Structure formats: structure tokens, C-alpha cells
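Notes follow once the structure below has been shown.
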Amino acid sequence: MPLLKEEYGYDEVIGVNVDVGQPTEEFDEAEETAEALGLDIHVVDAKEEFADLCYDAVKANATYQGYPLGTALARPVIAEAILGVAEEQGCDAIAHGCTGKGNDQLRFEAVWRGSDLEVIAPVRELGLTREWEIDYAAEKDLPVEAGDGGVWSIDENIWSRAVEGGKLEDPNYEPPEDIYEWTAEPEGETTIEVAFEEGVPVAVDGEEMDPVSLIQHLNEYAGGYGIGRTDVMEDRMLGLKVRENYEHPAATVLLTAHQALEDLVLTKNERSFKKGIEQEWSEKAYQGLVFAPVVDALDAFIDETQDVVTGTATVKVSGGNCRVVARDSEYAVYSEEMASFNTEDVAGIAQEDATGVAKYHGLQERLANDVKANVSKPELATDGSGETDGTDSDQL
């Protein structure tokens with residue numbers, strides 16, 4: 001904020017803090033910083049909006065390179081809230097503190113550049129580093145720290161907790177246990193039953209909860225069993241490969257349970273086609289483009305499939321692993337009688353009726369293999385010349 005006055009000439013600057021589930025101390029720090037600078041600060045509670053988007057991600061089984069999306073989902077929600085305050089306060093410009101290396105600059109600006117406000121990025125435009133920022137804050141006597149006492153860069157919301165920076169930038173460095181706050185050292189085991197209505201989680205172990213409470217409950221409960229740790233080499237949008245550590249207990253449980261219930265109630269064709277939809281949804285979410293028209297179209301397909309995703313899925317959490325052990329739905333595309341080894345026929349179809357199908361199955365592949373077996377290939381010379389042995393090259 002001082003840079004906006006010193007380097008960009010803005011006389012009046014206001015601060016905005018958007019609550020998507022950060023720790024209380026982050027808001028206290030923001031208040032201290034604002035007071036030290038003599039600035040007004042606006043706090044916007046967007047936890048419910050963010051939780052709704054997280055549930056959209058559950059319906060889409062959304063992951064990026066193997067981990068549940070968290071920070072990426074929060075950024076458009078934060079950007080929308082900040083833009084709302086800026087327009088309400090009659091601001092001329094809107095600014096962020098992202099670097100020119102990361103994803104967040106793109107996610108924020110994808111929302112803001114749809115407005116008439118000027119977008120300013122001091123850290124990117126002035127080529128500043130994290131160390132410079134920390135030194136500058138100390139020089140201005142600002143109560144600002146980076147992550148855990150300045151050691152790590154930490155981003156936290158109700159859906160995930162991301163830790164990066166410091167020694168974690170070395171892919172061969174084993175993270176110390178103290179980088180984790182949501183997840184305990186994996187030990188013990190329990191089962192957790194999640195109830196869904198049309199793809200949306202509504203209860204845990206028989207207790208109905210609103211989205212924010214349900215997510216927070218699972219973060220604490222499943223996190224106590226070491227569920228939801230991810231250490232990944234992530235490919236950013238600008239081409240950089242970075243090392244990221246995540247904690248996401250609730251996301252892990254809900255995505256695992258939701259996928260299990262879908263497997264029970266959706267047809268093979270629906271499951272197969274939805275994989276491509278989920279991949280595209282996840283990519284757009286990672287890019288911060290959840291408000292894009294194509295996502296509306298993807299959501300339309302996803303919502304159509306979720307009509308029957310009602311029921312329960314039970315997962316066992318043990319040793320840091322989360323796996324499905326049971327699922328139940330009145331909409332199951334499944335018949336225990338048909339699938340049983342102890343019944344002779346399937347809905348009036350005798351086992352012997354499958355003989356004709358078995359004869360045709362793989363016929364084209366067998367024909368193709370016979371054709372390939374009769375194709376003669378020229379023998380190459382063994383002297384390394386690459387020329388064929390006794391074959392006219394014009395005939396090849």
C-alpha cells in the first residue's frame with residue numbers, strides 16, 4: 001500500500017480482506033497493518049460462496065495433477081469480492097501483490113479486467129522479491145510476516161492449506177513435520193459415512209451440516225488421522241515447475257466418497273464421458289476461469305448427471321490413506337441378483353446366449369493381426385549403412 005502512494009501517486013488507498021476461511025490471526029495482522037498505515041480496511045465474508053464453489057468441485061471430481069484444487073478455487077471468489085468493494089467505493093484502480101511468476105496474477109486479473117478499473121501489480125511491475133518485501137515491511141515498521149515467521153509462504157482457506165517457499169523449493173528436501181497444521185502424523189483408523197443429495201454433501205455420520213461447518217468438521221476429524229497430505233511437482237500456467245505441499249483432509253474424503261457413489265449410480269457411458277468433462281472443468285478452475293461460459297456448459301452436463309447421485313458412501317481413513325469400503329443408493333445401476341455367481345440367468349438372458357457375443361468379440365483385432373503377420377518387411381543391411389539388402393528402394 002505504501003508503494004501505491006510512493007511509486008504510483010495514489011493519494012487514497014483502501015484495503016480489502018476477503019474471508020474464505022483463513023486463520024483468525026491473519027485478520028488481526030491485517031487490522032494491525034491497516035492501523036499502522038492509517039488505512040480503512042473492508043472485510044468481506046465469502047466463506048459460504050467459496051464453500052458452494054468447493055461443492056461444485058466435488059460434483060466435478062475436480063483435481064489438478066493429482067491433488068484437490070484449493071487456492072485456485074478461492075482466487076476468483078476473492079477477486080469478485082474485492083471488485084465489489086472497489087466499485088462500491090468508487091475506486092479508479094485495483095491492485096494486487098502477486099509476482100510475475102505465479103498463477104494468482106492471472107486468476108485475479110481474469111476477473112478484474114472485465115471492469116473499467118485500472119489493474120496495478122507493483123511487485124510484478126517493479127520486479128520485487130519476497131526478501132525485498134520483508135525488508136521493506138521492516139523498514140516501514142509494518143507488522144507483516146511471510147507464512148510461518150517468514151520461513152514458508154502459506155495460503156490457507158477452508159478447503160486447503162498450501163505451503164511453499166524456503167527450503168521446500170528444493171525437490172529433494174524432505175519437509176519437516178512442523179509445516180503441517182491440519183494433519184497429524186498418520187496413525188489409527190476410523191470410518192466416515194458421507195451422505196449426498198444430488199451430488200452435494202449434506203451429512204457426515206448421520207449429522208446434517210451446512211457446507212462450511214461440514215468442511216471444517218472433516219478437516220479437523222479426518223486430519224487427525226493424517227488424511228489429505230500432498231507433496232507435488234506442479235506445472236504452473238506460465239510454464240514453471242514448482243514444488244507444492246498441500247493439506248486438504250475434507251476435500252480428500254468428499255472427493256473419494258463422491259466418486260464412489262457416482263460409480264454405483266452412473267452408467268458406463270456417463271462415467272466415461274464425464275472424465276473428459278471433469279478434466280476440462282479442473283483445468284478451467286486451475287486457471288481461475290470458473291466464471292467462463294464454457295464452465296456453465298460443463299456444469300449443465302455435470303448437474304444433469306447428479307440427479308441420481310443421492311445416497312451414502314463410507315470411507316475408511318487409516319495410516320494417512322482414504323479408501324471406500326461401502327456405498328448405497330436407491331438409484332444404483334446394480335442388481336445383486338444379476339451379478340451373483342449363484343444365479344444362472346440375467347433378467348431372462350441365459351449364460352449360453354453370450355456364446356455368440358464371445359465369438360464376435362475381438363474379431364476385427366484377430367483379422368488385423370493375421371494381415372500384419374503376412375506383411376513382408378525388407379531386411380536392413382547389418383553394416384550400418386541403412387540400405388536394404390537386395391531390394392530395389394524404388395519399390396519400397
Side-chain angles (χ1 to χ4, degrees), residues 20-26 29 51 54 57-58 61-74 145-194 201 204-207 209 211-234 241-260 313-326:
V20 287
Q22 303 95 308
T24 302
E25 54 266 26
E26 289 194 16
E29 182 182 286
C54 291
V58 170
N61 297 318
T63 61
Y64 179 77
Q65 295 190 336
Y67 73 90
L69 292 162
T71 298
L73 292 176
E145 289 184 341
D148 184 10
V151 179
W152 319 112
S153 176
I154 299 174
D155 179 75
E156 184 173 329
N157 55 55
I158 61 171
W159 197 238
S160 77
R161 181 174 178 271
V163 186
E164 62 179 337
K167 291 184 178 180
L168 292 174
E169 292 177 350
D170 177 4
N172 200 37
Y173 172 73
E174 182 176 348
E177 189 64 24
D178 63 13
I179 74 166
Y180 301 109
E181 288 189 5
W182 287 11
T183 55
E185 186 70 31
E187 62 181 8
E189 70 175 35
T190 191
T191 57
I192 302 172
E193 182 187 80
V194 182
V204 173
D205 292 330
E207 182 179 351
M209 304 180 200
V212 174
S213 298
L214 190 149
I215 292 169
Q216 291 174 331
H217 167 72
L218 281 178
N219 276 334
E220 182 177 353
Y221 187 36
Y225 292 88
I227 302 303
R229 291 185 181 182
T230 300
D231 189 326
V232 62
M233 294 304 301
E234 179 179 319
K241 189 180 290 291
V242 295
R243 199 256 189 100
E244 296 277 4
N245 288 80
Y246 295 101
E247 294 181 280
H248 36 72
T252 299
V253 170
L254 293 177
L255 286 167
T256 301
H258 179 265
Q259 181 69 73
T314 302
V315 300
K316 175 171 283 189
V317 293
S318 173
N321 295 313
C322 178
R323 62 185 179 88
V324 178
V325 293

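From a predicted model like this one, the values you see are computed outputs, not experimental measurements. Start at 1 with the first residue, then count along the sequence.
The shortest heavy-atom contact between A51 and P211 is CB-CB, 3.8 Å. Across every non-hydrogen atom of Y173 and P176, the tightest pair is OH-CD, 3.3 Å. Closest approach of P171 to E169, counting heavy atoms only: CD-O, 3.3 Å. Nearest heavy-atom pair across T71 and A162 is OG1-CB, 4.1 Å. Scanning both residues, P68 and A251, for their nearest heavy atoms gives CB-CB, 3.7 Å. Taking all atoms of both residues into account, the shortest heavy-atom contact from G320 to P186 is N-CB, 3.4 Å.
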Stepwise side-chain contact (heavy atoms from CB on, under 4.5 Å) check, I158 with V20: CA-CA 6 Å; I158 61 171; V20 287; 6.0 Å; no

For a side-chain contact (heavy atoms from CB on, under 4.5 Å) check, start with the C-alpha distance between V194 and T256, then their side-chain angles and the critical distance, and finish with the verdict. CA-CA 10 Å; V194 182; T256 301; over 6 Å; no

Derivation of the side-chain contact (heavy atoms from CB on, under 4.5 Å) call for L214 and V204: CA-CA 7 Å; L214 190 149; V204 173; 3.7 Å; yes

Residues E234, K241; criterion side-chain contact (heavy atoms from CB on, under 4.5 Å); working and verdict: CA-CA 6 Å; E234 179 179 319; K241 189 180 290 291; over 6 Å; no

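For the pair R243 and D170, the salt-bridge criterion is not met [side-chain N within less than 4.0 Å of a carboxylate O]. Under a 4.0 Å N-O distance rule, the pair E189/R323 does not qualify as a salt bridge.
In E174, the CD atom is not crowded: 12 or fewer heavy atoms of neighbouring residues, nucleotides or ligands sit closer than 6.0 Å. By the neighbour-count criterion of 12 heavy atoms within 6.0 Å, atom CD of E220 is sparsely surrounded, having that number or fewer from other residues, nucleotides or ligands.
Distance check: L69 CG to W159 CH2 gives 10.5 Å after rounding to the nearest 0.5 Å. Atom-to-atom distance recorded for N157:CG and Q22:CD is 7.5 Å, nearest 0.5 angstrom. Distance OG/S318 to CD1/I227: 7.5 Å, rounded to 0.5 Å. To the nearest 0.5 Å, atom SG of residue C54 and atom CD1 of residue I215 are 5.0 Å apart. Considering OG1 of T191 and NZ of K316, their distance stands at 7.5 Å, rounded to 0.5 Å. Atoms OG1 and CD, from T183 and E177 in turn, are 7.0 Å apart once rounded to the nearest 0.5 Å.
Judged purely by distance below 3.5 Å, without hydrogens or angles, the side chains of E156 and W182 pair a donor atom with an acceptor atom. Side-chain contact annotation: Y67 with E244, donor-acceptor N/O pair under 3.5 Å absent.
Using a 4.5 Å heavy-atom cutoff, the side chains of D231 and P175 are in contact. You'll find the side chain of Y180 reaches within 4.5 Å of the side chain of R229, heavy atoms only. Between M233 and V242, every side-chain heavy-atom pair lies at or beyond the 4.5 Å cut-off. Using a 4.5 Å heavy-atom cutoff, the side chains of V325 and V315 are not in contact.
The cationic group of R161 does not satisfy the cation-pi geometry with Y246, failing either the under 6.0 Å distance to the six-membered ring centre or the 45° limit from the ring axis.
Partner of T230 under the side-chain hydrogen bond (donor to acceptor under 3.5 Å, both in side chains) criterion, out of Q65, H248, E247: H248 alone.
Put simply, the side chain of D205 never gets that close to the backbone of I192: no donor and acceptor are under 3.5 Å apart.
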